[in-house]
Amino acid sequence: MVFQPGNIAQPCTDGVIAGGTGLKAIVDCNSFYCSCERLFKPGLSKKPVVVLSNNDGCIVSRSDEAKQAGVDMAIPYFQAKHLIAKHDIAVFSSNYTLYGDLSWRVMETLRMLVGRDNVEVYSVDEAFVDLPAMSPEAAANYGLYIRQTVEQWTGISVSVGIAPTKTLAKAANYLAKKNKQLTRCVTALVTPEEQRNALQSIRVSNIWGVGRSYAEKLINMGITSAWELRNMSEQWAGKQLGGVVGTRLVKELRGEPCIDMQEQLDTKKMIATTRMFGSPVNDVLSIKEAIATYTSLAAQKLRRQRCAARTISIFIVPKEEDHAVDFHHGPIISTRTTLPTATSVTNELIKPAVQLVEKIYEEGRVYKKAGVMLSGLENDTCIQGNLFVPESKNKGRFLMDMMDNINFSMRDDILKFAASGTSRNWKMRQELRSPRFTTRWEEMFEVR
DNA sequence: TCTGGGGTCCTAGGACCC
DNA sequence: TCTGGGGTCCTAGGACCC
């Protein structure tokens, strides 16, 4: 890396157009998980790297070199093993603790650059940024300034797309990533001409908001480029692409903003913990242990956002017998229950959750996945103490705080409930995880 | 042998009410 | 024989995203 302070482009306020329509930028980390792994293994900086999903199931992040070697996104690990061996690709299990910390550093950098209120964290590796109206040159220059600063401060390289709407900014970012040499990872689509040229070159399936089934539908109707979609009427889009969603999509492609910057609500409306089993299970006890463990993880997330839940849903997924060419999950067998009052106390959630298992478990079937979802969330501080239960029960929340503190400072699961079991033969595989360099003392990066 | 996890929004349709 | 209209709330399921 050769970024000297002098290389940083200065934000060019000359180009700001007073009173014009503002611009939006999407800042997207390049191969984020791979970049995080490389940060602590500089020897891998030019080598192909991939990162696996939970359970070492699928490939979820690929470095450019791995993409070039022909490793596809989201394919099962075992299917890529021959390519991995052939090209000597470095493989990591996902290390969410590390990625979460580096993500925070990137977002903080953006907040410092453009102001806290102008950053909307969209996912672990992406953020939308609100910008004033600017000339095309000023926009491109500002994108470069963001990219270089983030890379210099955090070591993570990002791509930047800038345009009048979120959907066009995503399209700009797609082009920025597609040809990094040419774009230097920054593309701005400010003028109508720039937007037309860009949309003509992008296939409709690569547009943000067009997933697999809409893409198939559109192509069958003869609409293949993003430009063709842009030119369809709003009524048509509403009818074909799911109502207001479709209408919004074509408007955004035309440069009319319909998707606003979101207030940063870090309070989720639903909290889920779901996992594939390390190996399939058929006994009800293992499933109950898994459900208890997932409930306890979900409850922890619940308390972190200071909420309590009223509704508990659980599901289990049987392993299909036939190995069809088209892999798909399902059927998913689920059930739910609503509690008389919302709670965030783990054992008050575990008990009903485990009871639900009996309702859907079938003797003799083999299961591969299970999950717990908590919904009907309320603010924890507003929950009334219940007058009709012993006072000791209202102290549950304090016990939970203690447990969370101990688990946070020691190890994630040093304290747990007996229902979670101790054998854990259903536990997920994670054989290739790197150390949590930035958040655990005993795993800190060493320089010798 | 081996196919992730965690979210959001929207719509349709049923139940229920007056 | 003939069986309204309009509103709300809830749930299930489909689509999308990273």
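The sequence lines fix the lettering, A, B, ..., with proteins before strands; numbering per chain opens at 1.
Distance A/His82 NE2 to B/dC2 C1': 15 Å, rounded to the nearest Å. Summarising the geometry, the separation between CD1 on A/Ile59 and P on B/dC2 is reported as 17 Å, rounded to the nearest angstrom. Here the P atom of nucleotide B/dG5 and the OH atom of A/Tyr96 are 8 Å apart, to the nearest Å. The separation between A/Asn30 atom CG and C/dC18 atom C1' is 15 Å, rounded to whole Å. The NZ-C1' distance, from A/Lys301 to B/dG5, rounds to 8 Å in whole Å. Here B/dG4 presents its P atom at 10 Å from CZ of A/Phe78, a figure rounded to the nearest Å. C/dC18 atom P lies 13 Å from atom CD of A/Glu120, rounded to whole Å. Rounding to whole angstrom units, NZ of residue A/Lys81 and C1' of B/dT1 are separated by 9 Å.
Between A/Ile271 and A/Cys58, the one whose closest nucleotide on DNA chain B sits nearer the 5' end is A/Cys58.
More than 12 heavy-atom neighbours from other residues, nucleotides or ligands sit within 6.0 angstrom of NZ on A/Lys41. Environment of CD in A/Glu216: sparse, with no more than 12 heavy atoms of neighbouring residues, nucleotides or ligands closer than 6.0 Å. Enclosure of atom CH2 in A/Trp104 is not indicated, since only 12 or fewer non-hydrogen atoms of other residues, nucleotides or ligands lie within 6.0 angstrom.
The phosphate of B/dT3 has neither OP1 nor OP2 within less than 4.0 Å of any side-chain N or O from A/Lys319. Using a 4.0 Å cut-off, no side-chain N or O of A/Lys368 falls inside it from OP1 or OP2 of B/dC2. Distances shown here put every side-chain N or O of A/Thr274 at or beyond 4.0 Å from the OP1 or OP2 atom of B/dG4. Between A/Ser53 and B/dG5 there is no side-chain polar atom (N or O) within less than 4.0 angstrom of OP1 or OP2. The side chain of A/Lys269 places an N or O atom within less than 4.0 Å of a non-bridging phosphate oxygen (OP1 or OP2) of B/dC9.
Nucleotides B/dT3 and C/dC18 are separated by 24 Å at their P atoms, to the nearest Å.
The distance from the NZ atom of A/Lys301 to the OG atom of A/Ser344 is 15.0 Å, given to the nearest 0.5 Å. Put simply, CG on A/Leu199 and OG on A/Ser201 are 7.5 Å apart, with the number rounded to the nearest 0.5 Å.
The residue A/Thr273 sits close only to the backbone: its heavy atoms come under 4.0 Å of sugar-phosphate atoms, none of a base. Residue contacts for A/Lys166: at a heavy-atom cut-off of 4.0 Å it reaches no nucleic acid atom on any strand shown. Looking at heavy-atom distances under 4.0 Å, A/Asp125 makes contact with sugar-phosphate atoms alone, never a base. Within the 4.0 angstrom heavy-atom criterion, only backbone atoms of the sugar-phosphate kind lie near A/Ile207; the bases stay farther away. Here A/Lys217 lies out of heavy-atom contact (under 4.0 Å) with every strand. Within 4.0 Å of A/Val210, counting heavy atoms only, lie sugar-phosphate atoms of the nucleic acid but no base atom.
Scanning DNA chain C for stems, defined as runs of 3 or more consecutive Watson-Crick or G-U wobble pairs whose donor-acceptor distances all fall under 3.5 Å, gives the following ranges: B:5-18 with C:5-18.
Of the possible donor and acceptor atoms, none in the side chain of A/Lys269 sits under 3.5 Å from a partner among the backbone N and O of A/Leu377. In this structure, the side chain of A/Arg62 does not engage the main chain of A/Lys67 through any donor-acceptor pair within 3.5 Å.
With distances taken from any side-chain atom of A/Glu126 to the nucleotides B/dG6, C/dC18, B/dT3, the minimum falls on C/dC18. Closest contact between the side chain of A/Trp208 and the listed nucleotides C/dC18, B/dT3, B/dT8 involves C/dC18. The nucleotide whose nearest atom lies closest to any side-chain atom of A/Arg275 is, among C/dC16, B/dG4, B/dG5, B/dG5. Checking B/dT8, C/dC18, C/dA12 against every side-chain atom of A/Tyr122, the shortest atom distance belongs to C/dC18. Nearest nucleotide to the side chain of A/Pro76, out of B/dG5, B/dG6, B/dT3: B/dT3. Of all nucleotides listed (B/dG7, B/dT3, C/dC18), B/dG7 comes nearest to the side chain of A/Met270.
A/Ser159 and A/Asn30 share a side-chain donor-acceptor pair at under 3.5 Å. A/Arg248 and A/Thr167 form no side-chain donor-acceptor contact under 3.5 Å, judged by distance and modelled atom types alone.
For the side chain to side chain contact (heavy atoms under 4.5 Å, CB included) criterion with A/Tyr367, the lone passing option out of A/Ser286, A/Pro280, A/Pro318 is A/Pro318.
The stretch residues 225-260 of chain A has no heavy atom under 4.0 Å from DNA chain C, so no residue of it qualifies as close.
Residues A/Leu253 and A/Ile207 have side chains in contact (heavy-atom distance under 4.5 Å, counting atoms from C-beta outward).
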